[in-house]
Amino acid sequence: MNYWLMKSELNSFSIDDLQRMPEQTDHWDGVRNYQARNMLRDQMKVGDLAFFYHSSCEVPGIVGLMRVVQEGYPDSTAFDPHSAYYDPKSDANKPRWYMVDVQYIRHTKRLIPLAELKKHPALARMPLLQKGNRLSILPVSSEQWQYLLGLENA
DNA sequence: GCCAACGTTGGC
DNA sequence: GCCAACGTTGGC
């Protein structure tokens with residue numbers, strides 16, 4: 001079982017949006033980075049857990065938990081000329097981009113800000129905190145996962 | 001295959 | 001709005 005952190009811009013898709021979806025489930029579409037694509041396509045498994053992370057907002061940070069409920073399959077928005085994520089070079093017969101389905105579990109007890117994560121030596125190795133890392137899908141170790149859950153009550 | 005130019009991400 | 005960091009594109 002793997003752990004992940006998935007970023008979404010607050011004003012494009014928030015954890016509240018996910019909670020409001022039917023079955024509190026949605027596909028995580030629009031990822032257009034090959035490293036992230038590889039994780040979506042090859043590594044994320046049903047039952048994996050992920051933190052929901054709000055980016056590009058006043059206080060970026062971890063806001064909730066979700067579960068992978070459908071493994072990687074082709075991201076249909078890549079084939080839709082009307083989608084903001086349309087990629088004319090992605091061939092439906094040989095899909096370039098993938099998505100998974102995720103289900104809302106709960107909000108964290110509080111927003112855990114990025115600035116706070118940076119203060120914890122135990123988290124220093126998190127890919128999220130590495131300089132220049134812009135990936136929207138990031139792995140989290142089980143130790144880091146447990147540690148982060150502990151911060152909820154801090 | 002190199003690399004300059006350009007676009008995007010995302011914190012601040 | 002700024003800008004650092006990184007990825008992608010395309011000419012050569």
Side-chain angles (χ1 to χ4, degrees), chain A residues 2-21 26-44 48-68 71-102 104-141 143-145 147-152 154:
Chain A
N2 306 304
Y3 300 95
W4 308 94
L5 182 145
M6 303 169 78
K7 294 183 189 174
S8 183
E9 295 187 23
L10 175 58
N11 44 20
S12 73
F13 186 73
S14 73
I15 185 154
D16 295 339
D17 293 329
L18 178 62
Q19 188 179 15
R20 280 194 290 266
M21 296 299 290
D26 200 9
H27 37 255
W28 200 269
D29 60 20
V31 174
R32 296 292 179 266
N33 169 284
Y34 288 104
Q35 251 184 289
R37 186 279 310 271
N38 291 345
M39 289 187 265
L40 288 167
R41 186 187 60 185
D42 307 329
Q43 292 178 249
M44 300 181 79
D48 284 2
L49 298 178
F51 286 118
F52 197 121
Y53 177 97
H54 282 167
S55 67
S56 297
C57 54
E58 195 174 345
V59 184
I62 291 170
V63 292
L65 277 67
M66 53 195 172
R67 183 190 345 269
V68 176
E71 290 175 18
Y73 60 103
D75 180 346
S76 53
T77 62
F79 313 127
D80 176 6
H82 301 295
S83 168
Y85 302 121
Y86 177 55
D87 178 0
K89 294 178 184 169
S90 184
D91 177 353
N93 295 315
K94 200 183 168 201
R96 176 181 295 196
W97 305 117
Y98 282 71
M99 58 189 177
V100 298
D101 288 354
V102 290
Y104 172 86
I105 297 177
R106 64 176 175 86
H107 284 62
T108 44
K109 293 172 192 166
R110 65 185 183 95
L111 191 169
I112 306 170
L114 173 63
E116 183 179 330
L117 303 183
K118 289 178 177 173
K119 294 178 187 167
H120 291 268
L123 301 175
R125 291 176 180 280
M126 277 188 77
L128 173 71
L129 302 180
Q130 301 313 304
K131 187 178 176 183
N133 201 320
R134 300 178 307 170
L135 281 179
S136 60
I137 310 285
L138 296 151
V140 175
S141 73
E143 291 81 7
Q144 290 158 357
W145 180 270
Y147 190 90
L148 288 161
L149 286 180
L151 291 182
E152 271 192 291

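Residue numbering restarts at 1 for every chain, and letters A, B, ... go by the order of the sequence lines. Keep in mind it's a predicted model, so treat the numbers as computed, not measured. Just the heavy atoms: all of them, side chains too, but no hydrogens, waters or symmetry mates, feed the values below.
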Residue pairs fulfilling side chain to side chain donor-acceptor pair (under 3.5 Å) with at least one residue in residues 53-68 of chain A, sequence neighbours excluded | none
Which residue pairs satisfy the side chain to side chain donor-acceptor pair (under 3.5 Å) criterion with at least one member in residues 128-140 of chain A, sequence neighbours excluded?
-> none
Pairs flagged by salt bridge (charged side-chain N to carboxylate O under 4.0 Å, His left out) wherever [range] is involved - sequence neighbours left out:
{"range": "residues 86-100 of chain A", "answer": "A:D87-A:R96"}
{"range": "residues 106-120 of chain A", "answer": "A:R106-A:E152, A:R110-A:E116"}
{"range": "residues 28-39 of chain A", "answer": "A:R32-A:D75"}

Can you list every ring pair (Phe, Tyr, Trp, His ring centres under 6.0 Å) pair that touches residues 104-125 of chain A, not counting sequence neighbours?
-> A:Y104-A:H107, A:H120-A:Y147
Describe, as an angle rounded to 10 degrees, how the axis at the first end of the helix from B:dG1-C:dC12 to B:dC12-C:dG1 is tilted relative to the axis at the last end, five pairs per end.
-> 10°
Under 4.0 Å from any heavy atom of chain A: name the first and the last nucleotide of DNA chain C that qualifies, 5' to 3'.
-> C:dA5 to C:dT9
Any chance you could lay out the side chain to side chain donor-acceptor pair (under 3.5 Å) test for A:D101 and A:Y73, step after step, and finish with the verdict?
-> CA-CA 9 Å; A:D101 288 354; A:Y73 60 103; 2.6 Å; yes
By salt bridge (charged side-chain N to carboxylate O under 4.0 Å, His left out) - contacts of A:D17 (at least two apart) | A:R20
Partners passing salt bridge (charged side-chain N to carboxylate O under 4.0 Å, His left out) against A:R125 (at least two apart in sequence or in another chain) | none
Please list, chain by chain and in numerical order, all residues satisfying side-chain hydrogen bond (donor to acceptor under 3.5 Å, both in side chains) with A:D26, sequence neighbours excluded.
-> none
Stretch residues 128-137 of chain A: residues that reach within less than 4.0 Å of DNA chain C through a heavy atom = A:K131, A:G132, A:R134
